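Note sheet for the following structure.
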Amino acid sequence: MSAPKTVLILGGGVGGLVAANRLRKALPSQHRVILVEREASHVFAPSLLWLMVGARTLPSISRGFERLKRKGIDVVRGEVEAIDPERRSAVVSGQVLQGDYVIVALGAEFCPEAVPGLAQGGHTFCTPVGAEALRVALEEFKGGRLLILTAAPAYKCPAAPYEAAMLIEADLRRRGLRDRTQIDLFAAEQGPMGVAGPDVSRGVRAMVESMGIGYHPEHQVVAVDPGARRARFSNGVEAGYDLLVYVPGHRPPRAVAEAGLVGEPGGVSVDRHTLATRFEGLYAIGDVTSIPLKLGKPLPKAGVFAHAQAEVVARSIARAVTGRGQPAEFNGHGECFVETGGGKAGFGSGDFYAEPVPRVTLRGPSRFWHAGKVLFERTWLWRWF
Ligand SMILES: Cc1cc2nc3c(=O)[nH]c(=O)nc-3n(C[C@H](O)[C@H](O)[C@H](O)COP(=O)(O)OP(=O)(O)OC[C@H]3O[C@@H](n4cnc5c(N)ncnc54)[C@H](O)[C@@H]3O)c2cc1C
């Protein structure tokens, strides 16, 4: 019997949740798997878009972390305040936790305050609280100018603002308000889902514009005046609104930055195949990482990558502990559904590690892909809790 080991997983989002489950299954019971998380519940983020238009409730897309204890995962509810990468330890709400292996899966922190007035003047669907508030605001909206904007050129889930625009458009149509509403999407980036290549970008833009949504790329918002209901952009353009919906920018969590783990701008530097950091036994996965691609942009922050990276790291650690199993590598494959409203979705998939540019294809909207997304949602919480 090998000496008992402890795997300390920081963060119970997509990456941490998958890693904890996989490790608990792979490791004999004398080894500990500790999952540290500040929230009481895990929320399935893709469904926040449906929550925003009243098609889901928060309880239906959440599960309490307590349930993981039944599987033998030690859940520690608390705030990761500091990380010591050399010692593989973390301070969690004042208590020091130590691991033989550490997986940093703390995600990326939203920073709407980077744009003055944005949080006060608008609503975001990117957090559970924000999506609930936006649902109410949309219910009360009776027509006018609806502005959707991305507050930075890179953000979590490159498809999300485009899906949001199309879902809101479909919802307003269903409620008979579309004729009374002008919808404009102001994007800080050059075009939709740029990392996926020009064909995908053109395809998503065509989907959005075919719904009569005005699309304005390369508009970086610099300030919002909540009183006057106006957004100002760095190129001098100003736009008034009746309802403002935004995707905030993000930054690495404070504890990660203070630990000196942030190498690449925007995240922790890791080996792109093993997710190992430069510290022995310490891995980072998901949105907290920054993996540069040949085309000059980093790998997008998306759950599909956090999930696949968690599988790889769990297998590597299980192999190191037990001496069993095959080595695994993250290969950059990714896929995502693109909800277009009216019970339809498109589907993009491909190799994001392909060089010189990612090779990604986009399938057009159909009921089939929407059903695929619903099925994925249904199985996610059941599978991991
Ligand atoms: C609206 C929306 C829709 C999306 N749709 C998709 C989609 O369709 N497909 C897709 O692939 N991706 C999608 N994403 C992106 C996806 O949710 C993220 O990329 C994914 O969750 C990243 O996983 P992660 O484990 O790296 O981080 P997260 O899932 O963000 O998890 C980080 C966890 O760490 C916890 N934490 C952070 N700091 C601390 C601390 N100091 N102490 C304790 N706990 C802490 C957080 O509470 C959180 O639970 C979407 C995102 C949003 C917002």
Side-chain angles (χ1 to χ4, degrees), residues 8-20 35-52 56 61-63 65 75-83 90-93 97 103-110 124-128 130-131 134 150 154-164 167 193 245-248 250-259 267-268 270 275 283-290 299-310 313 333-339 345-349 352 369 372-374 376-377 380 384:
L8 184 59
I9 302 169
L10 306 177
V14 171
L17 184 63
V18 171
L35 181 68
V36 180
E37 171 59 49
R38 62 151 75 108
E39 302 292 340
S41 299
H42 173 92
V43 177
F44 183 66
S47 298
L48 292 174
L49 291 160
W50 286 326
L51 179 68
M52 156 191 93
R56 296 290 185 280
I61 61 167
S62 318
R63 284 292 179 281
F65 285 106
V75 178
V76 174
R77 175 116 187 253
E79 180 73 19
V80 177
E81 294 161 342
I83 301 167
V91 180
V92 179
S93 297
L97 296 180
I103 303 176
V104 181
L106 291 169
E109 220 167 68
F110 290 122
T124 184
F125 53 83
C126 292
T127 63
L134 176 55
T150 61
Y155 42 83
K156 293 188 195 193
C157 188
Y162 299 94
E163 294 182 278
L167 284 170
M193 302 170 69
V245 179
Y246 68 88
V247 173
H250 54 66
R251 62 175 169 230
R254 187 185 52 78
V256 173
E258 288 177 2
V268 179
V270 288
L275 290 310
Y283 296 84
I285 56 175
D287 287 0
V288 79
T289 64
S290 183
L299 185 73
K301 296 198 187 299
V304 65
F305 299 127
H307 180 164
Q309 293 167 359
V313 169
H333 178 82
E335 51 196 37
C336 85
F337 300 100
V338 183
E339 276 291 297
F347 183 71
S349 68
F352 284 76
W369 297 119
K373 182 158 185 174
V374 173
F376 186 74
E377 177 203 39
W380 177 263
W384 304 113

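As a basis for the values below, the full set of heavy atoms in this structure was taken, side chains included, without hydrogen atoms, waters or symmetry mates. Indexing begins at 1, ligand by ligand and atom by atom, following the structure's order. Because the structure is a prediction, the values reported are computed rather than measured.
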>> Suppose we measure from atom 18 (C) of ligand 1 to each protein heavy atom; which comes out shortest, and what is that distance?
In response: Asp287 OD2, 3.3 Å
> Is the side chain of Ser47 donor-acceptor paired with the backbone N or O of Trp50 at a distance under 3.5 Å, no angle test?
Replying inline: no
>> I need the nearest protein heavy-atom contact for atom 12 (N) of ligand 1: residue, atom name and distance, please.
In response: Gly303 N, 2.9 Å
>> Please verify the inter-ring angle class for Trp380 with His307; under 30° counts as parallel, over 60° as perpendicular, anything in between as tilted.
In response: perpendicular
> In terms of atom number and element, which parts of ligand 1 are under 4.0 angstrom from non-hydrogen atoms of Ala45?
Replying inline: 1 (C), 2 (C), 3 (C), 17 (O), 51 (C), 52 (C)
>> Keeping Lys301 on the side-chain end and Lys156 on the backbone end, is there a donor-acceptor pair under 3.5 Å?
In response: no
>> Please check this pair: side chain of Glu39 against backbone of Ser41, looking for a donor-acceptor N/O pair closer than 3.5 Å.
In response: no
>> Within ligand 1, which atoms have a heavy atom of Glu39 less than 4.0 Å away?
In response: 47 (O)
> Short list, please: which atoms of ligand 1 are under 4.0 Å from a heavy atom of Gly78?
Replying inline: 42 (N), 43 (C)
> So which bit of Arg38 gets within less than 4.0 Å of ligand 1, heavy atoms only: side chain, backbone, both or neither?
Replying inline: both
> Stepwise, does the side chain to side chain contact (heavy atoms under 4.5 Å, CB included) test hold for His42 with Phe65?
Replying inline: CA-CA 7 Å; His42 173 92; Phe65 285 106; 3.5 Å; yes
> So which heavy atom in the protein is nearest atom 28 (P) of ligand 1, and how far is it from that ligand atom?
Replying inline: Gly13 CA, 3.9 Å
> Would a distance-only check, ignoring hydrogens and angles, find a side-chain to backbone donor-acceptor pair under 3.5 Å from Lys373 to Val338?
Replying inline: no
>> Which of the numbered atoms in ligand 1 are under 4.0 angstrom from any heavy atom belonging to Lys301?
In response: 19 (O)
>> Closer than 4.0 Å to some heavy atom of Gly286 - which atoms of ligand 1 meet that?
In response: 26 (O)
>> Using modelled atom types and a 3.5 Å cut-off, is there a donor and acceptor pairing between side-chain atoms of Thr289 and backbone atoms of Gly267?
In response: no
> Is Val288 close to ligand 1, meaning an N/O of one under 3.5 Å from an N/O of the other?
Replying inline: no
>> Starting from atom 45 (C) of ligand 1, what is the nearest protein heavy atom, named by residue and atom, and what distance separates them?
In response: Leu106 CD2, 3.6 Å
> So do Gln309 and Leu299 actually touch side chain to side chain, heavy atoms under 4.5 Å?
Replying inline: yes
> Ser62 side chain to Val43 main-chain N or O, any donor-acceptor pair under 3.5 Å?
Replying inline: no
>> Treating Arg77 as the side-chain partner and Arg38 as the backbone partner, does any N or O pair qualify as donor plus acceptor under 3.5 Å?
In response: yes
>> Return the closest protein heavy atom for atom 48 (C) of ligand 1 as residue, atom name and distance.
In response: Glu37 OE1, 3.4 Å
> Do you know which two heavy atoms are closest between Pro158 and Pro300, and how far apart they sit?
Replying inline: CG-CB, 3.6 Å
> ligand 1 versus Glu79, non-hydrogen atoms closer than 4.0 Å: side chain, backbone, both, neither?
Replying inline: both
> So which heavy atom in the protein is nearest atom 6 (C) of ligand 1, and how far is it from that ligand atom?
Replying inline: Cys157 SG, 3.3 Å
> Under 4.0 Å from any heavy atom of Cys126, which atoms of ligand 1 are there?
Replying inline: 53 (C)
> Lys156 heavy atoms, cut-off 4.0 Å: which ligand 1 atoms fall inside?
Replying inline: 30 (O)
> Where on Cys336 is there a heavy atom closer than 4.0 Å to ligand 1, on the side chain, on the backbone, on both, or on neither?
Replying inline: neither
> Is there a heavy atom in Ala159 that sits closer than 4.0 Å to ligand 1?
Replying inline: no
> Please state which protein non-hydrogen atom is closest to atom 21 (O) of ligand 1 and give its distance, to 0.1 Å?
Replying inline: Val14 CG2, 3.4 Å
>> Any side-chain to backbone donor/acceptor pair from Glu339 onto Glu163? Under 3.5 Å, distance only.
In response: no
> Is there a heavy atom in Ala255 that sits closer than 4.0 Å to ligand 1?
Replying inline: no
>> Among all the protein's non-hydrogen atoms, which is closest to atom 25 (O) of ligand 1, and how far away is it?
In response: Gly15 N, 2.8 Å
> So Phe305 and Phe352, would you call those rings parallel, tilted or perpendicular, with 30° and 60° as cut-offs?
Replying inline: perpendicular
> Are any of the N/O atoms in Val304 less than 3.5 Å from those in ligand 1?
Replying inline: yes
